[in-house]
Each structure stands twice: as structure tokens, then as C-alpha cells.
Amino acid sequence: MVGLNIPENFHFYLSAHESCTEKLLAEAKGLTAEDLEISPDPKISRMRKMVYSVRTEIHRMKGFIRLKPIGAHMLYGYLKPRHKIGDYIAERFARRNPGVIVVLGHSSESWISIFLDGKIISHHGGSLDKSLEKIISALNCSGDRDREDREDIAAIWGTYYASQYCPERRNIAAFHRRMPKGALAFAGLKLERNKNGATLDDFFGRE
Amino acid sequence: MVSLDKIAHLALESKFDSLGPEVSVDPDKLSSLGAGTRHDVCTSTFSPKSHTLPGVCHSFTHDGRCVSLFKTLYTNHCTHQCNYCTNASNCKEHSKIFSYTPEELASITLALYRSNYIEGLFLSSGSGRDEDTIMERVVETARLLRCKYGFEGYIHLKVLPGSSLALIQEAMELADRVSVNLEAASSSRMNEMSATKDYDSDIIQRQKYIRNLMKKVSLPAGQTTQLVVGASGETDEEIFRRVLYEYKEIGVMRTYYSAFSPQKGTAFQSREPQPQWREHRLYQMDWLYRIYRFKPHEIDHAFDENGFLSNADPKLAIARELLDSPVDPNAAPYRELIRVPGIGPKSAHRIMALRKRQLITNKEELASTGVRVKRAGPFLKINGWRDTTLEMWSA
């Protein structure tokens, strides 16, 4: 059976929305996931859209954030989300890399997580740079970035990415729809380009 | 909140190493072996072995297709003579031969996974008479990832035609999904496409091995297959009959379709390319059977007298033939709702939930359930009214 879109724990997503208020959460308290899924009521419909918006951003950030290692115990990446999802995303990457400190953030905020022995340990800090400095100092691995220079994962990815393009299937409209510039910017990414067989239309986004 | 010092201290005590082995790779090899899989299709990218997470797309290429896996050949050396393939031994424009080592492939996969470029590995290979030697290396790569590096990402291994039962079992014990590419809709079509592959023993028999092994080996994302569409003049109906066999008898979880596109230097280089829409219509037909649960005799109405699908939604073609009386969304069972163009499984479930609470009396209410009202209108009636514009519904 095909599942419906609104999860049972939708209050979590609603509360993470940038425009969510205490009043809105109180109004949502008595509602069920089915109410949100099917109600034509405009107020409930707005809540549904807010839940979708948060879930969409979470989904895109899981895909678009790129992590770099520092030393043997830390991965870090840029994240400046629209909604309040920083800690959720950091936790997700910590679970994916057990025993490794995951640091995500931007110029004024950062989220730090580590997954150890089945438990998540988290910290919410100031700017990404400051948090990185503090952890590097605590780990005593400040000079351990040589390997990062030798091993250019972004270049490996770029070569592989270019190899996957089928020019006979060229579909620039689908590419731009699925790689929205706004979402990429939240993850600190620029739009990737297929250099092989690219035309001016590829750069201007015309079909 | 735990301090950063405490977190750093915990990380230092941890036995894990975020880096894994150092990566060094020849860009030409990476590019050439990656390009060898660019026509392979895959969608399921989460590893059900470890977490039940939904699939994630990490990027898209300019053809609009998702890049979520490190999709590559182990080697592009192949002694098969497949008339559509650039790696075939009878291809006149051979690219340079490259091969990975299991350690090399594992290290690239780990590095890309760690940096969140991919969700896992999709590993295929050229082969031929040495299929078990190559298959051993494919399995060894997966073993290194799972057992040496504790890799919990997704692994999809291609079972090479003619591989031994023992190696197939080993592959299944390590992978989330395995697949054998059918390529052709029948044995006679395969004979036209390849002089060296025996359809029944190299392909169908290997699929049966997987089906039988699944009774004792857990394969969370199941077995799948892929067809090259239109390389040997087969009809869509022929493909559909084969796909029915695959779903019913082999138990494949999904079938993928790849429209034939002639490649330079191959024996089929002068054949007509197949339009992308043909592939798209086959996927729609596949969904009608697999997700919408249409019966084969209903889907038969979508084929023309020559056995081809037209470039139109097959569901609409079937509805025109079979929906002779309008469907009432306030009363129709799920089975009937799902047969109306513009109503999918989700909107059908929403309609059924909504009408338990209130009667659906206007198009806004119907649209709020996700129904594509313009498309569904001609096949619906509500409160006794049937009107293609739906404007009278509120009357």
C-alpha cells in the first residue's frame, strides 16, 4: 500500500518551521496526521504546507551537504537552513558516521553531534569556525589537514559525476527543477555543471 | 548540553576512524568505468540492512537523473559480443581497458560516502568466460566494505550472466540488492542482440538461483532486472509479457527500462534510437500493474493492434475503454477510484478518509485530496451530476 505523506510525529516538523508560533502549535495539538493529510480547511491546509516545507528541506540537506574530514575524528560541513533543523541534520550524519564528531553550521551558529554506544550527544554552538577551532584544539589535531590537501574528494566526485551524464537524454528543465539553487545555497553548494557537451543554454537554464 | 571538550574526549576514546584508507585514483579509469554504467538505472538507495531510511538524491546530472550511488564497472574488459554495448569484444571502437582492485574500489566508495556524495555502491562489470573470476572480485569488494570497514551504506551488486550459485549466494549475503540484467524480452530477441549470452541458462537460470536463495538468505531490497527497450524490434506487449513472468515467477521487486540508444562502433550503431517517451510509457504500464494493481487483461487495452503503447497515458487509454459509467467519489470502492485518470493511490486513500467525515461536494475539496480534477472530471459524477467542467457540482 502507498503510504500517506504526513507522519504521525508531524508536530515535530511543524515546530521546526521558521514561522511556527506557540499559538499555532497549541491549535495543532488536537489534530491527527489524518486531519492534516485530508482536511480542506485553509488553516489546517497551511499547517500541512508547513510540514511539507520542513520535510523537503530536511530531505534536500541530507542529500546536498558535503562533509570534509579534519584529523581522524571529525567531519564538518556548511549548513544554513531556513527552518530549525540544524540539530536534526547533524544527528543524522553522526548516526551515519559512528564515533566521529559531526560539525555543521555557518557564520553565527553551529550544531555538533557524536553517536557513541547507541546514544547521540549534541552541542549547539556559535559560529562554525569557532566551534571547529575549539574542537581542533581539544583533539590536538591542528596540523592534521595534510591529507585533506592530498586527497581531493571533490575532484574525484567531479570526474565521476561527469561520467554519469547521457547527452542523448539531455533534460535541463528537470535538472534545474531537482537542483534548486536556493536549497543548494543552504548547503553551501554551487550548481554542478556537466562540462562534457555543455552549451550556453546549460548555463542560462534554458530548455 | 554537553561541552565541546567532553565531545572531543569521547571521540578520542572511540575506536572509529573517520578517514578510512587513503584514496588515490586514476581519473581516466574513474571516468571510463563510471561511464560504463551510465545507462544502468537504479533507484533504491537506502540500506534496509541497517536503517529504514528513505532514499536520498545527492545530485542530478543534466539529463535530470539522480546520482545517489557510486555506479561503476569493476572492469570494462568483456569477451561477450553484445551488439548494443561499447564494452563488447565485437565493438570496433574500443576504449582503453581498465580494472579496479577490490581495495581501490572500497576506498573510493568509503571516501565518497563519508563526504556525503553517495548513499552506496552499485557495482557491475564486463565479463565473459571468466565470469566467476570477476564475480569473486566483485564479492571481495563488498566483503571489504562490510567486514573490514563496517560500511553500512547501500550495496547493489550485478550478478554477471553465468555466475556460479556459490558466488551468487555470497553476493546476496553482503548486498542490499542484486540483479541480473535481462536486456531482451525473449530468448530469440537475445540471440539477435548477443552471440555469446544464453538467455535461459546465463540469465533466467541465475534469476531462479536468486529467487530460491532468497528463501534462506535475507536480501532486503530484493532482486531487480533491466531491459534495453527496442534494440531488437520487440513490441511493448512482448516486453509486458516478459515483465509479468518476472514479477510472478521470478519475484523481481522492480523492472527497469532503458530506451535503446545506438553507440558508436557497435554492431547496432546504425539502428534507430528509441524515443524516451517509450521508456516513460513502459514505466507507466509497469506502475499500473505493480502499484495500481491493474489486471493484465485491463492493461492489454493500452496496446495498439501492433502491440505498441502510444505516446499517451496508458491509464487514460484503459479508462476510455473500460470506464463506461461515471464513478462517484462519495461511494466508489478504492478499486474503482484508482482506475480514474487523475486519481492515484494516495488521493484515493485521502478521498476514502475524507468522505467518512463529510460528503465531497465541490472540486476544491476533491483537489485538496490531490486529485487532478481536470483529468478526472470526465470520469466522475457527484450528487447525481456528471459534468466535465465540474462547475455544477456545488449546485
Side-chain angles (χ1 to χ4, degrees), chain A residues 1-2 4-5 34 37-38 40 45 59 62-69 72-75 77 93 97-101 112 114 116 121-125 131 134-135 138-139 147 150-151 153 156-157 159-166 168-175 178-179 192 194 198 202, chain B residues 1-12 14-19 22-25 27 30-32 34-35 38-39 51 54 56-67 70-72 108 111-112 114-117 152 261 273 276 291 344-346 349-350 353-354 364-365 368-369:
Chain A
M1 178 181 150
V2 174
L4 297 180
N5 289 338
E34 189 182 276
E37 183 84 37
I38 62 170
S45 179
H59 184 74
K62 281 179 186 172
F64 292 160
I65 287 172
R66 304 291 181 241
L67 301 171
K68 286 183 175 180
H73 299 283
M74 179 159 55
L75 290 164
F93 285 118
N97 299 281
V100 174
I101 304 169
I112 299 100
I114 185 167
L116 273 176
I121 299 155
S122 298
H123 180 91
H124 186 188
S131 292
K134 281 181 191 171
I135 300 169
L139 289 172
R147 179 169 163 172
R150 285 202 307 274
E151 195 186 57
I153 304 301
I156 291 175
W157 165 255
T159 304
Y160 168 67
Y161 173 79
S163 78
Q164 292 299 295
Y165 175 48
C166 293
E168 62 271 34
R169 291 175 173 267
R170 187 173 179 275
N171 188 344
I172 299 299
F175 167 73
R178 290 162 188 169
M179 296 278 277
E192 286 176 277
N194 284 111
D202 296 339
Chain B
M1 191 162 62
V2 181
S3 74
L4 288 179
D5 282 340
K6 170 81 175 166
I7 287 178
H9 179 71
L10 287 169
L12 284 171
S14 159
K15 62 183 171 149
F16 297 101
D17 180 348
S18 69
L19 293 178
E22 195 160 325
V23 186
S24 165
V25 61
L30 183 70
S31 177
S32 189
R38 66 196 173 98
H39 293 286
H51 310 292
V56 174
C57 291
H58 290 271
S59 192
F60 292 86
T61 59
H62 278 197
D63 51 29
R65 296 185 310 157
C66 162
V67 189
F70 177 39
K71 204 151 55 84
T72 185
I108 300 169
L112 291 172
R114 175 199 68 204
S115 294
N116 199 40
Y117 286 101
E152 290 194 345
S261 129
Q276 296 300 313
I291 309 290
K346 281 189 182 178
H349 282 296
R350 288 191 195 117
L354 181 60
E364 284 76 21
E365 285 170 356
S368 78
T369 64

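Convention: sequence-line order gives letters A, B, ...; per-chain numbering from 1.
- Between the side chain of B:H58 and the backbone N or O of A:G63 there is at least one donor-acceptor pair closer than 3.5 Å.
- Contacts between B:S261 and chain A at a heavy-atom distance below 4.5 Å involve the side chain alone, from C-beta outward.
- The closest side-chain heavy-atom distance from B:K346 to A:N5 is below 4.5 Å.
- Summarising the geometry of A:F175 relative to B:T61, their closest heavy-atom pair is CD1-O, 3.3 Å, with the distance given to 0.1 Å.
- At a 4.5 Å heavy-atom cutoff, B:T72 makes no contact with chain A through either its backbone or its side chain.
- In this structure, A:L139 and B:A8 approach most closely via the heavy-atom pair CD2-O, 3.5 Å.
- Interface residue B:V2: backbone and side-chain heavy atoms are both found under 4.5 Å from chain A.
- Between B:S115 and A:K68, every side-chain heavy-atom pair lies at or beyond the 4.5 Å cut-off.
- A donor-acceptor distance shorter than 3.5 angstrom exists from the side chain of B:N116 to the backbone of A:I65, with no hydrogens or angles considered.
- Taken from CG in B:L354 to CD1 in A:I38, the straight-line distance is 5.0 Å, to the nearest 0.5 Å.
- Side-chain contact between B:V67 and A:Y160: present, with at least one pair of heavy atoms (C-beta onward) separated by less than 4.5 Å.
- Under the 4.5 Å side-chain criterion, counting only non-hydrogen atoms from C-beta, A:R66 is in contact with B:Y117.
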Checklist entry - When you look at B:S59 and A:F64, which way does the side-chain contact (heavy atoms from CB on, under 4.5 Å) test go after all the steps? => result CA-CA 7 Å; B:S59 192; A:F64 292 160; 5.7 Å; no
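- Here the closest heavy-atom approach between residue B:L30 and residue A:I156 is recorded as CD2-O, 3.2 Å.
- Within the 4.5 Å cutoff, no side-chain heavy atoms of B:I7 are placed close to those of A:I135.
- Listed by chain and residue number, B:R357 satisfy the salt bridge (charged side-chain N to carboxylate O under 4.0 Å, His left out) test with A:E34 (two or more places apart in sequence, or in another chain).
- Atoms CD and SG, on B:Q276 and A:C166 in that order, are 8.5 Å from each other to the nearest 0.5 Å.
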Checklist entry - Going through the checks in order, is the side-chain contact (heavy atoms from CB on, under 4.5 Å) test met by B:K71 and A:S163? => result CA-CA 10 Å; B:K71 204 151 55 84; A:S163 78; over 6 Å; no
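- Remark: side-chain polar atoms of A:H73 are not paired, donor with acceptor, to backbone N or O of B:L12 under 3.5 angstrom.
- What you find for B:D5 and A:A138 is that their closest heavy atoms are OD1-CB, 3.5 Å.
- When atom types are taken as modelled, the side chain of A:Q164 and the backbone of B:G34 share a donor-acceptor pair closer than 3.5 angstrom.
- Judged by distance alone, with hydrogens and angles left aside, the side-chain atoms of A:Y161 form a donor-acceptor pair with the main-chain N or O of B:F60 at under 3.5 Å.
- Considering only heavy atoms from C-beta on, A:E168 comes within 4.5 Å of B:H39 through its side chain.
- Looking at A:T159, its side chain never comes within 3.5 Å of a backbone N or O of B:P27 through a donor-acceptor pair.
- A heavy-atom distance below 4.5 Å is not found between the side chains of A:L67 and B:R114.
- For A:R178, there are no salt bridge (charged side-chain N to carboxylate O under 4.0 Å, His left out) partners two or more places apart in sequence or in a different chain.
- The closest side-chain heavy-atom distance from B:D63 to A:R170 is not below 4.5 Å.
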